[in-house]
Every structure is written in C-alpha cells, then in structure tokens.
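Numbers for residues simply follow the sequence, beginning at 1.
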Amino acid sequence: VASHSEMSSKLGDVLVYNHVHFYVDSLKSLEYYKSLEHDSNTFSQAYEAAGRPGVEKGKEIWKEKCKTSLLDAKEFEPAGQDFVEQLIIGGGWRVTGRHSCQESTSLLVASHDPKGVKFVVSASKRAEVEEEKKAHSEEKKGHSSHSAAAIPHHFRAREIDRFFNAHANKPGVAALGFEVTVEGTLEKILKQYKKLHPALLTDPSGTPHKYPVAEGGGSVLVGEVFAYYSKHDHTKPDLGTCIRFFEIQGEAESALLPGLCPVKAEYPVTNHPAYYDHWVSNVHHREQFLQTLEDVLGFTPKVDFNAGVVAAGEAIIESTVTGNHSNPLTSKQQALQSHRQVYLPINNALSSVGHVHLFLDQLGQGIQHIASRVSNVVRFVALVNETRQITGRGLSFLRIPRSYYGRLDTQDLVCIGICEKLSGGLLNALIRLRMCSPTGVVKLDITRQQVLDVLTGVRKEVKSEEGDDTHIVDVVMRARYSNLYKLLKEHLSEKTYLDIVRNQVLVDIQGQDILFQIFTCNVLQREAKDESPFLEFIQRVCSERKDRHGNALFIRPGCGGFGIRNFLTLFLSIEVSKAMAQMDSAIKRNDVVGRDIAERRVQILTAQLDESNPILTEISDAMTAESDAMASASLAASPKDKEQLLRKAQIFREKKLEGNRKLQELSECYKLKMKEVREEEEKARKK
C-alpha cells in the first residue's frame, strides 16, 4: 500500500502551470483593448520597417499611424495603470478570450504562444448587480438567480467579493491555476485535502465543479482550495488566494478556463512569447504552507534561505523554494517552454519593516509576484522601455544602482601595473570632466578616444612616461560593467554588456548556467503608497554540458537556479527602488529633510548591495562546486572515489555556510545603519 508521501508525490508530478487569475477593480471595453492592439501592431510594423529609429522618430510614427494618444513618458507612474493595457502595450500580449455576464467581466490575456503564459483578469459588476436587484420584482429576481446558476463559479461576483474582503479590499492574484494532466487525479487531490487539510477546501464536500465542453464533447473538472491557513487561527483558512486545479475529461480539447470564449488576436512582429517559471507567495506561516503542499502534492524544498541571509537594512525575511519532481529536460527549447517543473517560492517576514512585512500588513497573505521566462530578456526589456518612452504607456521596472554593475577604482589600474600617481590622476580627471561619478561610476556613453585624450593629458601632468595605453583604456571602459565581466568574462560582447546595464537587467551565474532577470514596478496599484504584486521576467541560459565520454547531459530544470545572489539582489532592489521613489517625491515637494533621509537610505542599501557582491560570488561558487561534487559522487566508479567526492562536497558546503555567516554579519551591520536613519526620520517628524 502506497504511503501518503508516495501518493502525494505522484499527485504533484502530474501538475503543469496553466493560468493565473487576477481580480481587479475594473476593466475597459473589449473594443478599447482591441483598438490598442491594432495601434500596437501597426506601430510595431512601421517602427521595425524604419529600422527602429529611436524615441523621437518613434513618436512621429505613432502619431501618424495610430489613433490612441501619446502620453508624456516623464509623467509615467506605476500607480493607477490599467493592467490589461500594460500587458498589451508593454508586453505585446493580446486578449484571446472573454467572458461576460450580469455579475462580472473577464478577459484572457496571453503571450504569443498558446501554450505560454495566460492571465485571466476579472472585474465584478457589483454596482450593476445591486441596481438590478433594486429594479426587479421578486419574480424577475428568481429568473436572475436561475441565470446566475449558469455562471462558472470563478466568475461569480460573490467570489470576487470574497477575495477583495480577504485582501484588504485591494486587487491581486486570486487563484493559481494548474492543469492536471492525468485523468482521474483531480479527485484524488481533493480527497487528500479532505483527509489531511479539510479546512482548506472551498467546498467542504470536496466535489469538483463539472463543466461540459461543446467542442469535441467531454467535460472540464475544476476544483479549488484555499492556499493558506489563517494568520490568527491555524485551523481555519485564509479566504484570499486559492489554488485551482482543472482536469480535461473525455474527448474535450480546450485548455481554456470554463466560461471563456475565444477571441481572435493578432500579435506584433516584435512579440516575445513568455512561459511560467515560478509563482511567489508572501505568507505568515511559511512552514505550515510548505507542509500542506508536501502533505497533499508531495512538493519538497529545493532551496532554503535562512534567517539573516536575505536582508536589506532592517528588512529581513526567510524564504524557501518548494516544488514538484520533474524529469530532466532534453533541449534548450524545452527548458524555455516546459510548464511541468513547478516552483513555488514562499517568503515570510522576520522584521517589522521592508516590502514583505508591508505587503502582509497592508494586504494579508498572497502572491507577491509572477515570474515568466522569455528567450531573450535583454531584448524584451529594451523593447518595453523604448515603447514606454515613446507612448508613455506600458510597464516600468525596478531601478538598480549603477554600482551593481561595476565602478572604477584606482586599484583596478594599479593591478595592471600602473603607478598610483597616474591611476589617481586619471580617476580624478575623469571625475572632474564628469565622465565618471565621485563614486567611480563611469558614464555609459563614454568613448575610447575620450578616455585616451584624458589619459594623455594626465600623463603630461604627472610627467609619466608614455606606454601602451590600450590596457588602461580597456580597464576604464570595462568598469561600466566590471562586476558582470568578473562573472561572465568574454561570454558576452561589449554591446550586450552595455544593453544589460542600460536596461538594468540583473545577472547571476551558477556553474555554467546563466540567469538574467528583471522585475517590474508594482502592478494593480491604486496609489503609490500601496503594496501590490509585480511581475518578473527571466532568461535561463542553460549550459550544454557533456559527460566524460562526450555525450550530452540532460538540462536541469530551473537551470541558473534560485541562487542567493539573485534573491538578495531582488530584495535589496525593491528596497532601493522604494528609497529612490521617496527621494524623488521629497524633491518634488521641496522637502529637504525627507530628501536627505531618502538619499541616505539609497546610499546605505547601495553600499550593502556592493559589499554583498563578493560574498555572494563565494557562496555561488561554493554551491556550484558542492552540487557538482555530489553529482559526480552519484556516478562514482568505486566506493573510494565516492567517499573522496563526498568529502570534497562537504568542504564546499562548509564554505557556503561560511559565506552565509559573513552575509549575516554584514546584514546586522547595515540593519543598525538603517535603524539610525529611521530613528532620525521619526525625530524629524515630531518637530
């Protein structure tokens, strides 16, 4: 007889990502969105045909070809944006499905590949429903109730109201939708919930909803459970976010959520298909959510970030990435497109400051962000940024300090044999001529000739003998992305490095795998002060590894990993971006004290990011070496070889733990610095 864990493991292994369901305040008409799509397609074709001539020429093309008005990009704010419009203009996604009834309106917004990312976006017609109730007689009410019975439960106004009531009356991610790929498994999943976690069932009977499918016959089963237990009572559910399972039965072919009708869509010539990578929760009780997922689905932890490792100033969290068991991938295309490897990172706050704490405090438990893979994230982000600069519409991204990518230091020049007098003179001259900031951040558009001219002048000033200046110029030019270069060396061209810096893409490396990632500013945000979800776009560059016989090895799911570097950088980036926004706001208000405090926050968090970088490299290298040693041990030819490799893995494990200890010490130091700033701010407010 199979144990609970064995049964659960099989249940989770047949799940694939299918859709994410957002409940929002309102939606505009389908005609409006289709008009936007038409303008987006027309502009994209004309702009590409013109050779992508730049922002100003792009504005002229838009005005000439499109009906939708341009907005001032300088006035763009993440708050108050229409989410569907952001996806259409920013992501190049299109409305491909619709459901409309007397209780709600819903749209299916999808990237170009039908098997890729699908967002269902629903808005209640609460006000209209109430007006209808007042206007109709009891007889007509009865008729309306009969009509309502035909509305799929996930589109009912009461479901939207239930989520809003549990989510501080704010929009957000209401359901994570998984397709169950083996017929008969959905009922087993609900049976496991009923047996082990009955309080989480949205329907106490554990019976799924059954919807007939017109095309091809058959039906679709839909079952839902509440994702989390309540903060205050661990035996009761949190009535916010749900996990939705749906299963296609019989000859039905449709993978659309029941109730959605297909809508014709045309995509722009510059489309970037996207595929789900991971879905992140902020919760109060991380261990309880992990245990629930293991009990029912057999999900197991993949990466665990302990207390004090992930910190930004006073903000400290813990996080665990859990997921199912997925078979190795056989190609890069499969690594991009496969939805079978499910990853669910789960965060909880350990301090009363920072993004995760504020999210939980303002909204309650819920989905922090949705991460999707694209084939070329640098090109995708460059396109999104350029489109926003032209139209004043779309998506914007978190701001990353330039020092994250690299800076120039006199020691960089001394290391290649240049005397300190010449090194210091060159750096000071570059700063004086505003080709470099006082902190060593070199201007992106600097040219080799400009550096050479400055160097020639400095040589005369310090009376330095002439030499081969090529290496000196190389060091200055490379300083714009020197931190990235240390990771990737000659794997990328100078142009690609600069595109990464210009578009503020984050980079991590694990072994021979590379991870590019970027995070949008908040979406579904009513006001700038509100916490809300955001989106992540990533590119996993999987190495083509071979065994000792020259045979291609399988690609590991999630290649590039969830390394500590990218996780900590995300956390710090969120806090830095918030501090930068506070500084901008204070400047607009002529609030000198507020500006100085926000500026100090930016400086402290940036310094923490900079100091963390070399430690993160140590940890990343140790994690990779440990993983490689463990993998080799599993294939060892003899017990002696295996024992040696396991000892080697232990050495790297200890190095990883030592790196974690260094990070914790560093975090404690910056926690105290941020505490001082916070206390100064509190004193200033009291005056």
Side-chain angles (χ1 to χ4, degrees), residues 15-20 86-87 90-94 109-119 173 176-179 255 267 270-280 302-303 321-324 326-345 367-385 395 397-398 492 496 499-500 503-520 523 533-544 554-563 565-567 569-570:
L15 300 180
V16 298
Y17 293 125
N18 184 269
H19 67 275
V20 175
Q86 286 187 283
L87 297 173
W93 297 9
R94 296 294 178 256
V109 189
S111 78
H112 186 249
D113 189 336
K115 297 180 180 178
V117 170
K118 293 186 281 287
F119 287 170
V173 176
L176 301 176
F178 294 99
E179 182 179 352
Y267 285 81
T270 52
N271 68 79
H272 288 262
Y275 306 88
Y276 289 122
D277 191 83
H278 56 275
W279 298 339
V280 185
K302 312 299 178 186
V303 184
V321 181
T322 192
N324 64 0
S326 180
N327 293 325
L329 306 166
T330 57
S331 69
K332 289 186 176 182
Q333 194 72 5
Q334 193 180 46
L336 170 67
Q337 297 177 348
S338 176
H339 278 170
R340 291 188 175 277
Q341 175 62 71
V342 173
Y343 287 124
L344 300 179
I367 301 303
Q368 180 204 53
H369 75 270
I370 301 295
S372 304
R373 297 186 295 270
V374 293
S375 60
N376 190 316
V377 79
V378 178
R379 288 182 188 172
F380 171 75
V381 173
L383 178 64
V384 174
N385 282 331
L395 295 163
F397 300 97
L398 291 183
L492 302 178
T496 301
D499 283 344
I500 289 171
N503 291 288
Q504 299 186 312
V505 175
L506 303 176
V507 181
D508 196 10
I509 185 168
Q510 194 170 83
Q512 298 177 35
D513 300 327
I514 305 170
L515 178 67
F516 298 101
Q517 62 185 155
I518 194 164
F519 305 90
T520 70
V523 297
F534 54 91
L535 305 178
E536 175 185 358
F537 294 96
I538 69 175
Q539 177 188 353
R540 296 188 182 275
V541 182
C542 305
S543 66
E544 295 178 341
F554 288 117
I555 296 172
R556 290 174 295 191
C559 74
F562 293 86
R565 179 194 301 279
N566 22 314
F567 204 94
T569 301
L570 160 63

Calculate, to the nearest 0.5 Å, the distance between atoms CG and CD1 belonging to Leu535 and Ile518 respectively. 11.5 Å
Mind checking side-chain hydrogen bond (donor to acceptor under 3.5 Å, both in side chains) for Arg373 and listing every partner two or more places apart, or none if nothing turns up? Asp277
Looking at residues at least two apart in the chain, or sitting in another chain, which of them share a side-chain hydrogen bond (donor to acceptor under 3.5 Å, both in side chains) with Ser375? none
Sorted by chain and number, sequence neighbours left out, side-chain contact (heavy atoms from CB on, under 4.5 Å) with Ser338 holds for Leu329, Gln334, Arg340
Partner residues of Phe119 under the ring-ring contact (aromatic ring centres under 6.0 Å, His included) criterion, sequence neighbours left out: Phe22, Trp93
NZ (Lys115) with more than 12 external heavy atoms under 6.0 Å: no
Taking all non-hydrogen atoms of both residues into account, name the closest pair between Leu383 and Thr270 and its distance. CD2-O, 3.4 Å
pair Arg540-Asp513: side-chain heavy atoms closer than 4.5 Å: no
Would you say the side-chain atoms of Asn18 pair up with the backbone N or O of Glu179, donor to acceptor, closer than 3.5 Å? no
Between Val523 and Leu395 the two heavy atoms that sit nearest each other are CG1-CD2, 4.3 Å
Contacts of Asn503 meeting side-chain hydrogen bond (donor to acceptor under 3.5 Å, both in side chains) (sequence neighbours excluded), chain-then-number -> Asn385
What residues, two or more places apart in sequence or in another chain, satisfy side-chain contact (heavy atoms from CB on, under 4.5 Å) together with Gln504? Arg399, Ile400, Tyr405
With His369 via ring-ring contact (aromatic ring centres under 6.0 Å, His included) - residues at least two apart: His278, Phe519, Phe534
For Lys118, does its backbone N or O pair with a side-chain atom of Tyr276 as donor and acceptor, under 3.5 Å? yes
Could you check if a side-chain atom of Glu536 sits within less than 4.5 angstrom of a side-chain atom of Thr520, using non-hydrogen atoms only? no
Is Ile500 close to Leu492 at the side-chain level, that is, under 4.5 Å between some pair of heavy atoms? yes
Return the minimal non-hydrogen interatomic distance between Lys302 and Asn324, and the atom names on each side. NZ-O, 3.2 Å
Can you name the side-chain hydrogen bond (donor to acceptor under 3.5 Å, both in side chains) partners of Asp113, sequence neighbours left out? Tyr275
Out of curiosity, Gln539 CD to Leu515 CG, how far, rounded to the nearest 0.5 Å? 9.0 Å
Looking at every non-hydrogen atom in both residues, tell me the closest pair between Val117 and Ser372 and how far apart they are. CG2-OG, 3.5 Å
Spacing of Leu176 atom CG and Ile370 atom CD1 [to the nearest 0.5 Å]: 6.0 Å
Identify, with sequence neighbours excluded, every residue that meets ring-ring contact (aromatic ring centres under 6.0 Å, His included) alongside Phe380. His272, Phe537
